[in-house]
**Q** 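Pasting a structure here, questions to come.
Per chain, numbering begins at 1; letters A, B, ... match sequence-line order. The figures that follow rest on heavy atoms only: side chains count, while hydrogens, waters and symmetry mates do not.
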Amino acid sequence: MSAFRLSDRELDMRALGQELASPSAGACVSFEGWVRDRNEGKGVLQLAYQAYAPLALAEGERIMAEALAQFAIERAVCVHRTGELRIGDLAVWVGISAAHRDAAFAACRYVIDEIKRRVPIWKNEFYSDGASGWLHPDGSPVQS
Amino acid sequence: MARHYRLLYFASLRDRTGCDGETFSSTATQPRDLYAQVAQHHGITLAAERLRVAINGEFADWNHALQDGDEVVFLPPVSGG
């Protein structure tokens with residue numbers, strides 16, 4: 001299975017964690033990105049992710065390959081949700097296994113940072129005042 | 001001579017154009033010129049400097065030589081994670 005995937009369904013963290021198993025791994029670090037109820041002082045009711053899937057999958061896979069090349073890790077998996085999510089839902093999951101914890105922490109940080117910076121996925125927040133808006137990385141709405 | 005490009009729209013550009021994609025006839029031969037025409041046609045005010053461009057599913061330069069039938073996507077600043 002590909003190291004980076006998109007999913008329009010709830011993520012199964014237990015199954016994902018099992019993909020990291022390796023006899024030579026002594027450390028496992030995972031990151032969970034959750035849907036938060038506030039952004040920039042506004043109440044958020046729900047959000048929706050849109051992805052340009054072919055390029056998102058290609059760029060995500062490149063990031064995973066970079067992590068495997070740059071850090072002394074065993075396995076790396078990342079899944080990002082698409083579609084509509086509610087407060088508290090799991091939006092993105094990154095898991096890394098490694099012989100030792102330093103590389104696992106560093107690779108996990110690298111993967112989530114690069115995913116947020118480079119992969120063509122967009123977040124639309126729906127606010128409690130009835131407004132909604134697409135975001136870009138500095139958190140301010142994008143005006144087209 | 002006009003060419004036909006397949007355009008896909010995401011996020012704020014999808015909202016602005018009101019569609020997820022369209023075939024766009026244009027004399028533009030580079031993404032930079034094509035975006036200027038598309039932006040004018042749909043009243044998009046987002047500057048090209050804030051976007052990236054993808055051609056046939058891969059990131060590309062703004063001065064890439066387009067071919068008739070190419071799939072071109074103007075990518076707003078991403079906000080995954």
Side-chain angles (χ1 to χ4, degrees), chain A residues 4 6-7 31-36 39-40 47-63 78-82 85 90-94 108-109 111-125 131-144, chain B residues 5-24 30-64 66-67 69-81:
Chain A
F4 179 83
L6 298 170
S7 173
F31 171 81
E32 301 171 20
W34 296 355
V35 177
R36 189 180 55 226
N39 191 36
E40 300 281 309
L47 55 78
Y49 285 105
Q50 234 175 49
Y52 177 28
L55 183 53
L57 294 170
E59 188 70 356
E61 207 61 35
R62 274 191 284 271
I63 292 166
C78 177
V79 187
H80 201 297
R81 280 292 315 272
T82 57
L85 281 78
L90 182 60
V92 58
W93 187 89
V94 180
C108 190
R109 181 67 195 247
V111 168
I112 187 61
D113 286 354
E114 293 301 301
I115 296 292
K116 289 177 75 86
R117 194 173 71 81
R118 291 161 49 186
V119 175
I121 298 173
W122 298 271
K123 179 190 300 183
N124 194 1
E125 290 185 334
S132 71
W134 293 97
L135 303 189
H136 67 84
D138 65 9
S140 59
V142 173
Q143 302 297 328
S144 64
Chain B
Y5 299 115
R6 181 68 193 159
L7 305 184
L8 301 181
Y9 299 116
F10 294 93
S12 54
L13 295 187
R14 182 175 294 186
D15 288 356
R16 172 64 68 166
T17 60
C19 61
D20 55 11
E22 64 179 337
T23 299
F24 194 89
Q30 297 181 351
R32 186 172 301 283
D33 307 326
L34 180 61
Y35 180 69
Q37 293 178 8
V38 169
Q40 184 173 32
H41 180 74
H42 287 290
I44 299 167
T45 57
L46 201 57
E49 290 69 32
R50 296 179 64 202
L51 307 178
R52 295 185 76 182
V53 61
I55 299 168
N56 300 325
E58 275 302 336
F59 291 115
D61 293 331
W62 284 96
N63 55 5
H64 181 98
L66 291 170
Q67 306 295 319
D70 276 350
E71 179 183 280
V72 183
V73 186
F74 301 110
L75 303 161
V78 301
S79 53

**Q** First locate atom CZ of B/R14, then atom CH2 of A/W122, and finally report the distance between them rounded to the nearest 0.5 Å.
**A** 8.5 Å
**Q** May I ask you to name which of B/A47, B/G80, B/G81, B/A11 has the most heavy-atom pairs under 4.5 Å with chain A?
**A** B/A11
**Q** With a 4.5 angstrom heavy-atom cut-off, could you sort out which part of A/A51 is near chain B: side chain, backbone, both or neither?
**A** backbone
**Q** Check for a donor-acceptor pair, side chain of B/S12 on one end and backbone N or O of A/W134 on the other, with a separation under 3.5 Å.
**A** no
**Q** Would you indicate whether A/R118, at its atom CZ, is surrounded by more than 12 heavy atoms from other residues, nucleotides or ligands within a distance under 6.0 Å?
**A** yes
**Q** Rounded to the nearest 0.5 Å, how far apart are CD of A/Q50 and CG of B/D15?
**A** 7.5 Å
**Q** What's the separation between atom CG in A/L55 and atom CZ in B/R52, rounded to the nearest 0.5 Å?
**A** 8.0 Å
**Q** Is chain B contacted by the side chain of A/Y52, its backbone, both, or neither, given a heavy-atom distance below 4.5 Å?
**A** both
